[in-house]
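Take a look at the structure below.
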Amino acid sequence: MEAVRGVSLLTVAALKQVSLSSIQLAVAVAAHHSPVTLRAFQVAPMDLNNILSQLETASEEDIEKLLQQYNVENTQTFSFDPKEETLRSKLCHGVLTVLGRQVQPSCQKTCLETLRIMSRDKRVLGPVATKEGMLTLAGMARLRAGEEQDADKKSSQEQTLSEENKRVVVEALKCLCNVVYNSPAAQQVCVDVQLVRGLCASLATARTWSHEVGLFTLRLLFLLSALQPAVRGLLRREWHAVRLLTEVLEHTLDVRWVGPYEAARPDPQAVSMPAENNERAMEALKAMFNLTLSETGGEEDDHQLRLIAAILRHLLMLKTETEEKTEEAHSHAVNLLNNLPVSYLDVLIDVPVQGGQEKYAGKNMDAIEVLLDFMEKRIDKGSNYKEGLTPVLSLLTEGSRHHREIRRYIKAQVLPPLKDVKSRPEIGTTIRNKLVRLMTHVDMGVKQTAAEFLFVLCKESVDNLLKYTGYGNAAGLLAARGLLGGGRGETQYSDDQDSDTEEYKSAKPFINPITGHVEEPMPNPVEEMTEEQKEYEAEKLANMFDKLSRQHVIRPMGVKPDGTLAPLEETLCSPPEENSDSDSD
């Protein structure tokens, strides 16, 4: 696979309780180029033996023409003949040898294009994935591995580069991305020669980048931080990569500060964010995600992470050129917000200059509204819930658990006071109906996350949850939390009370607690039976249960005093708990 082409947007469930492996992250490399149709195996008409023989003796001009022809013929080749692996490996070595000479930029660019094509095959990267090979590519990419660089000097040098030299830099960065993605040996060499130091020096000159130089510099940083977790700590502590990426995002997203951790509201009449800016911002967010996976601490980190939260709020309010790209940007913002301490989510709603709503203590809920809309869109897609939906559900759950105003606002949108209780809670088109349906989803992670979200909105009150969902839909959550007997969760919430509507109060005595709605009267099947017939049917039913139990088809369960499920014989033998404290709502 070619890392500069990639697969799709970063597919992560950026939950606090779920830590993604570097392999999962790397598989989700995003590359936003025009799609290229993959061709199955084809045999290029050029003879590799002929190319190899001419590389050693031909002039620079002839080498350039020779490789140009090879590149044209193989530009869309992604599957190679296994029988020619040795020859292609030698070609990699020969091209690196040419790059080691003092050749013209046009020849360098052609050689790098050939290497990029070769790097699609991970089995021939041996000559490249060496210290000498990686330093050659790093030099072509203007990344001085392991060396301190003056940012102003580097910026001045990049501004004076010719267009031809800039193309060399871009091709070298593309090669590095491919080689790092496909070769663990190359990844280790990058760590050994401290290539990330050169990347961080490049980040410091981000304002002078051309689009492609910036895009592939950020992508290379993402790949290294994804595939080599050991470098994340060094990037944060020694080379201040989080601060540098924050500055990149500020510049790319055109953030203008109007207060501490408050960006100016985007002009609704302004044009959408340019596609190139959006591409670079997504790469920066993915790299930032990797660097914030582990815990951070200290006053500097506190300030930096709050800045990130403010920038992400700004991003949530932006529009890109297409609805699809806007949703992708919001997805990356959600993933990164999940990595931040939940206490920093107050930055999303505390924007004094813009103002807020009096009913929510003056807090601004615009960003929370965007997140709710994003969540509903992901539900409506009907697929890929684990990676596409659970991150935003987790974010809103934790935000509601720790921030009273966020919970109150979300509950007003998701669980407004009940009026119509004639339909089952899972039937309908409201956001409540959609979430209740997810409570019985086949994926355990999706089911638990949706149920936990609704439970937190109900202040972890079992009675309140059952009112909105019915016992049948909530049974899984209650069993997992040991709350089948009722009660509340462990989190302490404010004492504000929710008032029931008159419609709900009048219908409440007739609501079936299992289904959560008022059912049509059903005929009584035993109404016309004699007492003897009733007794016979009861014994028959008991015998059927006993037979199924002995055959281990079913296992009768009961609720223990602590609210957890256990085999029926255990619950019958368990003594009742004494002096249990009641917890009224």
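Only this structure's heavy atoms are used, side chains among them; waters, hydrogens and symmetry mates stay out.
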Listed by chain and number, what are the side-chain hydrogen bond (donor to acceptor under 3.5 Å, both in side chains) partners of [X], not counting sequence neighbours?
X: Ser423; result: none
X: Glu323; result: Lys377
X: Lys381; result: Glu327
X: Asp463; result: none

List in chain and number order the residues that pass side chain to side chain contact (heavy atoms under 4.5 Å, CB included) with Pro556, two or more places apart in sequence or in another chain; answer none if no residue qualifies. Ser549, Leu568
Taking side chain to side chain contact (heavy atoms under 4.5 Å, CB included) as the test, write out the residues that go with Val553, two or more places apart. Leu548, Gln551
Between [X] and [Y], is any pair of side-chain heavy atoms under 4.5 Å apart?
X: Met282; Y: Leu285; value: yes
X: Phe453; Y: Leu435; value: yes
X: Asn364; Y: Arg313; value: yes
X: Ile308; Y: Tyr344; value: no
X: Arg378; Y: Ser331; value: yes
X: Leu221; Y: Leu235; value: yes
X: Ser294; Y: Arg236; value: yes

Under 6.0 Å from the CE atom of Met444, do we count more than 12 heavy atoms belonging to anything else shown? no
Taking NZ in Lys534 as the centre, count heavy atoms belonging to other residues, nucleotides or ligands within less than 6.0 Å. Is the count above 12? yes
Name all residues meeting the ring-ring contact (aromatic ring centres under 6.0 Å, His included) criterion together with Tyr385; count only those two or more places apart in sequence or in a different chain, and write none if there are none. His441
Going by atom types alone, do Thr320 and Thr326 pair a side-chain donor with an acceptor below 3.5 Å?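 Result is yes, a qualifying pair exists.
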In terms of side-chain heavy atoms, does Thr397 have a donor or acceptor partner in Glu452 at a distance below 3.5 Å?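 Looking only at side-chain atoms, Glu452 and Thr397 do not form any donor-acceptor pair under 3.5 Å.
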Pairs touching residues 466-479 that satisfy salt bridge (Lys or Arg N to Asp or Glu O under 4.0 Å), sequence neighbours left out: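 Residue pairs passing salt bridge (Lys or Arg N to Asp or Glu O under 4.0 Å), neighbours aside: Lys467-Asp500.
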Taking the six-membered ring of Phe222 (Phe, Tyr or Trp), confirm whether the NZ or CZ of Lys286 is under 6.0 Å from its centre and within 45° of its axis.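 Here Lys286 passes the 6.0 Å and 45° test against Phe222.
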Begin from the C-alpha positions of Tyr493 and Arg401 and carry the test side chain to side chain contact (heavy atoms under 4.5 Å, CB included) through to its verdict. CA-CA 8 Å; Tyr493 293 89; Arg401 197 193 307 273; 3.5 Å; yes
Report the distance from atom [atom1] of [X] to atom [atom2] of [Y], rounding to the nearest 0.5 Å.
X: Thr390; Y: Lys447; atom1: OG1; atom2: NZ; value: 15.0 Å
X: Asp443; Y: Leu389; atom1: CG; atom2: CG; value: 10.5 Å
X: Asn278; Y: Lys325; atom1: CG; atom2: NZ; value: 6.5 Å
X: Leu393; Y: Leu438; atom1: CG; atom2: CG; value: 7.5 Å

Side chain to side chain donor-acceptor pair (under 3.5 Å) pairs touching residues 424-438, sequence neighbours excluded, are Glu376-Lys434, Asp380-Lys434, Glu426-Asn473, Thr430-Asn433
Taking salt bridge (Lys or Arg N to Asp or Glu O under 4.0 Å) as the definition, give me every residue that meets it alongside Glu247, ordered by chain and number, with sequence neighbours left out. Arg243
Residue set satisfying salt bridge (Lys or Arg N to Asp or Glu O under 4.0 Å) with Asp373, at least two apart, ordered chain then number -> none
Please give me the minimum heavy-atom distance between Met288 and Thr292, naming the atom from each residue.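 Closest approach of Met288 to Thr292: O-OG1, 2.9 Å.
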Could you walk me through whether Glu503 and Lys422 satisfy the salt bridge (Lys or Arg N to Asp or Glu O under 4.0 Å) test, starting with their C-alpha distance in whole Å, then the side-chain angles of each, then the deciding distance to 0.1 Å, before giving a yes or no? CA-CA 11 Å; Glu503 294 91 334; Lys422 294 181 180 179; over 6 Å; no
Going by atom type alone, with no hydrogens or angles, which donor-acceptor pairs under 3.5 Å involve a side-chain atom of residues 345-362 and a protein atom two or more places apart or on another chain?
residue : atom : partner : partner atom : Å
Asp346  : OD1  : Arg306  : NH1          : 3.0
Gln354  : OE1  : Arg265  : NH2          : 3.4
Gln354  : NE2  : Ala263  : O            : 3.0

Which is it for Glu283 and Arg280 under the salt bridge (Lys or Arg N to Asp or Glu O under 4.0 Å) test, yes or no, and what are the steps along the way? CA-CA 5 Å; Glu283 295 297 328; Arg280 296 197 304 278; over 6 Å; no
